[in-house]
Protein chains: 2
Amino acid sequence: MAAPILSERDLEFMLYELFDAEGLTERPRYADHSRETFAAAMKTSQTVAEKYLLPIRSLLDNSQPTFDGEKVHQPEELKTAIDAVIESGLASTTADFELGGMQLPGIVASAVNAYLSAAGGVAMGYTGLTNANANLIQAHGTPEQIEKWVVPMREGRFAGTMAMTEPGAGSGLADLTTTAVKDDDGSYRISGNKIFISGGDQNLNENIVHLVLARVKGAPKGVKGISLFIVPKIMVNEDGSLGEANDVALAGLFHKMGGRAQTSTALSFGENNGAIGYLVGEENKGLTYMFHMMNEARIMVGTAAALNGLTGYQYSLDYAKERPQGRLLSNKDPLSPPVNIIQHTDVRRMLLTQKAYSEGAYALCLLGSQLDDDYRTAPTKEEREAAHTLLDFLTPIIKTWPSEYGPKANYLAIQVLGGHGYINEHPVEQLYRDNRLNPIHEGTTGVQSLDLLGRKVPMNNFAGYTACLTEMAKTIEIAKQSDALSGYADQLAEAIVTLKKTTETVLGATQSMNLDAAFSNSVKYLDLFGHVVIAWLWLKQGIVADNALAKQPHESDEHFYRGKLHALQYFFRAELPEIYHWAKLISDLDTTNFDMQEEWF
Amino acid sequence: MAAPILSERDLEFMLYELFDAEGLTERPRYADHSRETFAAAMKTSQTVAEKYLLPIRSLLDNSQPTFDGEKVHQPEELKTAIDAVIESGLASTTADFELGGMQLPGIVASAVNAYLSAAGGVAMGYTGLTNANANLIQAHGTPEQIEKWVVPMREGRFAGTMAMTEPGAGSGLADLTTTAVKDDDGSYRISGNKIFISGGDQNLNENIVHLVLARVKGAPKGVKGISLFIVPKIMVNEDGSLGEANDVALAGLFHKMGGRAQTSTALSFGENNGAIGYLVGEENKGLTYMFHMMNEARIMVGTAAALNGLTGYQYSLDYAKERPQGRLLSNKDPLSPPVNIIQHTDVRRMLLTQKAYSEGAYALCLLGSQLDDDYRTAPTKEEREAAHTLLDFLTPIIKTWPSEYGPKANYLAIQVLGGHGYINEHPVEQLYRDNRLNPIHEGTTGVQSLDLLGRKVPMNNFAGYTACLTEMAKTIEIAKQSDALSGYADQLAEAIVTLKKTTETVLGATQSMNLDAAFSNSVKYLDLFGHVVIAWLWLKQGIVADNALAKQPHESDEHFYRGKLHALQYFFRAELPEIYHWAKLISDLDTTNFDMQEEWF
């Protein structure tokens, strides 16, 4: 039997035991849903993933997209698969019923999409970005823009992109130079070059809706003068039919180490008369709008990284259970038959680490989705605002921790397979390559760490930070009631004390110290905070497992819950204690990194 | 200007300041050499690397070797490059003059080969394995075997491989099933399947000499019944001319994630009448002979991993110096021009980490080469034995630490380049893929950790272990004399106390505890020991730099030495303290990994 893409049992645990996805059906928006409709959507997704995506995972990886000067070429099978995703409704899991969507809660949609993402990797980036693009226009566009662009995207006829990065401005959006000049008819002419635009050209959809950041002539310099435009690849007539090509040219395709199912493009806007673009919202507010999309994209990135880790874990687990090799150290008979490698302690370590990283990371991502659901649909304004505050705070961690630890999990998946992990007969090497993009795009780890420490922590008088600590304290209180968990509760409480002290020290230092020096270890701070948050999510999982075990579940469930408690133990013993060294480095205000001089390298 | 492959200044530092390569010219074997001949060889290597290997690095990566059922195909340019390496004498840097070699000390040969390895990656595996194979036959073969096989390998006409791994026996050599049956003429008939044989077939050499592990019919089971055979691809006549094809068939090529310049093959021996093989040495002693080659290969692997890290470091450093983006946090003017990214503290962190990992790792590998030189050519028997003891002890660390931390350096090289690091326009993504094999082949990290903890540490009444600690203590005594270094000396001394306690605890526990449980954290032990050893090598480098700075060198040297001291500072502040958590986990005899049950996953 082939390795499962994901553990069904674990997804159920996450949705219904760790989080209360079923409870969301009490909210008006989800009133037509039930656990049965959720399960049906997940089953559909699993089926589509197994039938269309998994069989072409390797094909897509081996088919680096090509451009013949006119058209982009990707395997036919990709279009078939994406069409199957769209036809089964899986491309618009969260969209309104009236727009043809499933109107699922975000947390359920995450689990539904999980199969597609784990099996198809970035192939799902096409529909994911399209969704995020449509959501942005729906939130900030005019009714006409929604009709013209969002509807065909929801239908899967059009695709969407986000076009931010420029050759001279990646992480530094302040320096972007693409210009927009207003025309008499109210539209704008866009000129400039964008790079690394995922899905910027492809042969899967009738049309592509680029969301482009550009400066209107005369706008302020820096980030305050950036506007957002809808720039279609092909113009759309009043009646919705396609018109002429817009002045958007594919300048080239990038050849990526992984994630080859999705094109990465260089686009030239306005090489001739200027590409026609339509302003979204008001001038100079483009970055604010885009940040909405970026926050959504950041959670998508974290989620993809976690799922990549999870599916590699399942694969290597399956392999380890079936591959005989070597004998136990404690076996004194060299002539006894070899054992399956899962019997070797170090193989168990590698599997357990993958489990702890990936399930911890995915739980965090689902928490993000749940908070987003609450932000949109919680009954009271207070609840909605509280969810938004916490989600906004956690976003750099949700984006980064899974992105950094997902690849570490994939590294171990390869290692479990040994030499077999390094060849393309098995998917783990591809997962390792695919996942390497995640610490880079949508804000690098370094950028996220500065966002967390310099912005999100002190923001609104530490509102998000405090909310996060308060939530963790609640979990600790509950865990303290259990004999099995009180030790972990104490450990987490102690870690939080250290986290707080470290935060105070480093932010206090910014009063008197050069900011670049004080934030010398910002990435360690993000790692520290991330580890504490993941430990918290493991403790939450432990509470569920501990309660479930008290009810004497049947055997397979008992094994499952014991596995959860054991992964919790692993994380608290092997991983969480790492933070003390990081905390010391940060609190010591160690400026080794800052002090290094260019000439000394 | 393109990024340098390696830092010339650093290679000089390593050879002549950190180690005393020049002093080796006082030994008879190297009496014809001088610093000038060493420099000439290095210059030749750099030239060949830049002219032949660097320009085809990407080509080879994009040309996954193919097999048309008859022949293996690799780009013509590879043969041109390898021929250039052989013609310039660089394929046999350590071989005797009379065999056409350069007769260089191993430590100098390592630095000479460094350019080729850093520029050509595993392309140099062809000549490296050939060398190791020739060295083995030279050590254990008959004069006739040397004449027949070693001479053409030294000349570059024949290539060599090591054929150990089988489909059912990777790390577990005890289970290998390839058989050998003695013929009337004294030769053997070999039958069996081997996989992952690097260079097992190719189109670069006239012939290939496989060194094959097999069991003679009736031999004991397990590792005690393994013999070693020379099995040529093509038979060689008495006069040295090529005869008929031997019964060795290429069953297939593996498609690797990286390192594509070198074929990885599945070979079938004896599908027809049995492949003709010639016993090396005595029956059932094959593994002992092979271990000589494996030890050499292990140092080669560590060295390749370190060089891969070094060349990625140089590339990302060069990029960071020239790529403008963003502003310093401390710059309050958002409209000021962007700075080069090397100005950003977190980019410096990523460069400094690469420097600390890669230069530390390479210093360790050079120490290994120096010990090997001493083992072969030191004046007294005591010195030779002492060198051998220490080298034998350090081998699992030399193999593993660079293999684990080299890829981490490459990870950061990608991250410095951001999105540009993920595409094949820049070599860092290739380096990252290439380097991923190193923690796997020639004994995985897990296998090495058990070799260290279970074998090398207690071996010969702790002789190697004690020798290692003694060497470190000497360095500490010297460092204590310096104001700049005494703090680091104390830190290392403290780390060693912890290492010793940890060692005693875990080995003590094996008296009463299940071995698989006691060694539950063997990989952490290897990491711990590795970190201490690398810290030691940084302290050694610090002593040299500190002394040099006292002599007020000219400006560029001053910068160089300050960089060394700063990387030392980085390693001692950011890295070395990690060991205390690992030590605690090991000393607590934490059996979380061991206790995890198969059904709980």
Side-chain angles (χ1 to χ4, degrees), chain A residues 170-172 174-175 196 221-222 254-257 317 325-326 328-330 334-335 338 342 345-346 348-349 351-352 355 415 418-419 422-424 429 436-437 439-440 444 446 514-516 519-520 522-523 559 562-563 566 569-570 573-574 577-578 581 585 590 592-594 596 598-601, chain B residues 170-172 174-175 196 221-222 254-257 317 325-326 328-330 334-335 338 342 345-346 348-349 351-352 415 418-419 422-424 429 436-437 439-441 444 446 514-516 519-520 522-523 559 562-563 566 569-570 573-574 577-578 581 585 590 592-594 596 598-601:
Chain A
S171 299
D175 297 311
F196 299 144
K221 287 189 178 177
F254 294 102
H255 294 288
K256 292 179 287 180
M257 174 166 68
L317 172 60
Q325 190 164 138
L328 297 185
L329 301 173
S330 51
L335 304 182
I342 199 169
T345 305
D346 195 55
R348 290 190 193 172
R349 172 188 67 85
L351 293 170
L352 192 51
K355 180 179 171 74
Q415 198 69 15
Y422 194 65
I423 59 174
N424 69 4
E429 61 90 16
R436 182 62 188 86
L437 182 59
I440 297 173
T444 62
N514 176 303
L515 207 54
D516 293 287
F519 287 0
S520 206
S522 61
V523 164
H559 289 321
R562 293 234 172 271
H566 211 75
Q569 175 178 319
Y570 170 83
R573 292 203 189 168
E578 298 268 7
H581 162 55
L585 202 67
D590 182 273
T592 305
N593 301 325
F594 175 77
M596 183 71 182
E598 181 171 341
E599 315 81 56
W600 296 355
F601 278 112
Chain B
S171 299
D175 298 310
F196 299 145
K221 287 189 177 176
F254 294 102
H255 295 287
K256 291 180 289 181
M257 174 165 68
L317 173 60
Q325 190 165 136
L328 297 185
L329 301 174
S330 52
L335 304 181
I342 198 169
T345 304
D346 194 55
R348 291 190 194 172
R349 171 187 68 85
L351 293 169
L352 192 51
Q415 198 71 12
Y422 194 66
I423 59 174
N424 70 3
E429 61 91 17
R436 183 63 189 85
L437 184 59
I440 298 172
H441 64 165
T444 62
N514 176 304
L515 208 52
D516 294 286
F519 286 0
S520 204
S522 61
V523 164
H559 288 322
R562 295 236 171 268
H566 211 73
Q569 176 178 319
Y570 169 83
R573 292 203 189 167
E578 298 267 8
H581 162 56
L585 202 67
D590 181 273
T592 305
N593 300 325
F594 175 77
M596 183 71 183
E598 183 171 339
E599 315 82 55
W600 296 355
F601 278 111

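Quick caveat: nothing in here was measured; it's all calculated off a predicted structure. Below, chain A is the first sequence line, B the second, and so on; all start at residue 1.
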Out of Glu598(A), Met596(A), Arg436(A), which one racks up the most heavy-atom pairs below 4.5 Å with chain B?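 Of the candidates given, the most pairs with chain B belong to Arg436(A).
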Which bit of Lys221(A) comes within less than 4.5 Å of chain B, counting heavy atoms only: side chain, backbone, both or neither?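 The answer is both parts of Lys221(A).
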Is there a donor-acceptor pair under 3.5 Å between the side chain of His581(B) and the backbone N or O of Ala574(A)?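 At least one qualifying donor-acceptor pair exists.
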Asp516(B) (side chain) donor-acceptor with Ser330(A) (main chain) under 3.5 angstrom: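 Present.
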Please name the pair of heavy atoms, one in Thr345(A) and one in Ser520(B), separated by the smallest distance, quoted to 0.1 Å.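 For Thr345(A) versus Ser520(B), the nearest heavy atoms are CG2-OG, 3.4 Å.
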Which of the residues [options] is involved in the greatest number of heavy-atom pairs with chain A at under 4.5 angstrom?
| options | answer |
| --- | --- |
| Phe254(B), Phe196(B), Tyr422(B) | Tyr422(B) |
| Ile440(B), Leu328(B), Leu329(B), Leu335(B) | Leu329(B) |
| Gln569(B), His255(B), Lys256(B), His441(B) | His255(B) |

Structural part of [X] lying under 4.5 Å from a heavy atom of chain A:
| X | value |
| --- | --- |
| Phe601(B) | both |
| Asn424(B) | both |
| Leu437(B) | both |
| Leu351(B) | both |

